[in-house]
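Take a look at the structure below.
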Amino acid sequence: HSTFAFVRHTNSLRFSKRELYLAELLFSHSSWIHDPSNIESQRTALPKLTPRQRAVLQLIVEGEANKAIAKKLGLSIHTIGDHIKVI
């Protein structure tokens with residue numbers, strides 16, 4: 001079995017749009033965890049990300065804001081937005 005948990009401060013009333021997006025991203029691509037016999041078909045069904053898209057995704061998962069991601073990768077905020085749309 002596997003478990004995913006999102007832990008929040010008790011003072012936080014709602015999930016932010018970003019948190020909801022990350023949860024949806026995680027849950028929509030985690031079905032292979034529950035069916036190990038289907039791992040290879042799930043991997044091939046997922047879209048291939050470029051190295052830059054993977055870098056953006058990694059920074060998102062680490063909690064970085066789009067502006068900070070743009071600065072770290074030396075890209076414009078608009079380019080980061082484009083990468084996020086693809087991801």
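The first residue in the sequence is number 1, and the count goes up from there. As the structure is a prediction and not an experimental result, all values here were calculated from the model. Heavy-atom basis, side chains included; hydrogens, waters and symmetry copies ignored.
Contacts of Lys72 classified as salt bridge (charged side-chain N to carboxylate O under 4.0 Å, His left out), with partners at least two apart in sequence or in another chain: Glu64.
To the nearest 0.5 angstrom, Ile80 atom CD1 is 13.5 Å from Lys71 atom NZ. We find the CZ-NZ distance between Arg54 and Lys48 to be 10.0 Å, quoted to the nearest 0.5 Å. Expressed to the nearest 0.5 Å, how far CZ of Arg52 lies from CD1 of Ile87 amounts to 11.0 Å.
Residues Val61 and Tyr21 share a hydrophobic cluster, clusters being chains of Ile/Leu/Val/Met/Phe/Trp/Tyr side chains in contact below 4.5 Å. Using a 4.5 Å cut-off between side-chain heavy atoms of Ile, Leu, Val, Met, Phe, Trp and Tyr, with links allowed through other members, Ile77 and Ile84 fall into different hydrophobic clusters.
Leu75 places a side-chain heavy atom less than 4.5 Å from the side chain of His83. Residues Leu73 and Leu59 are in side-chain contact: their nearest non-hydrogen atoms beyond the backbone lie under 4.5 Å apart.
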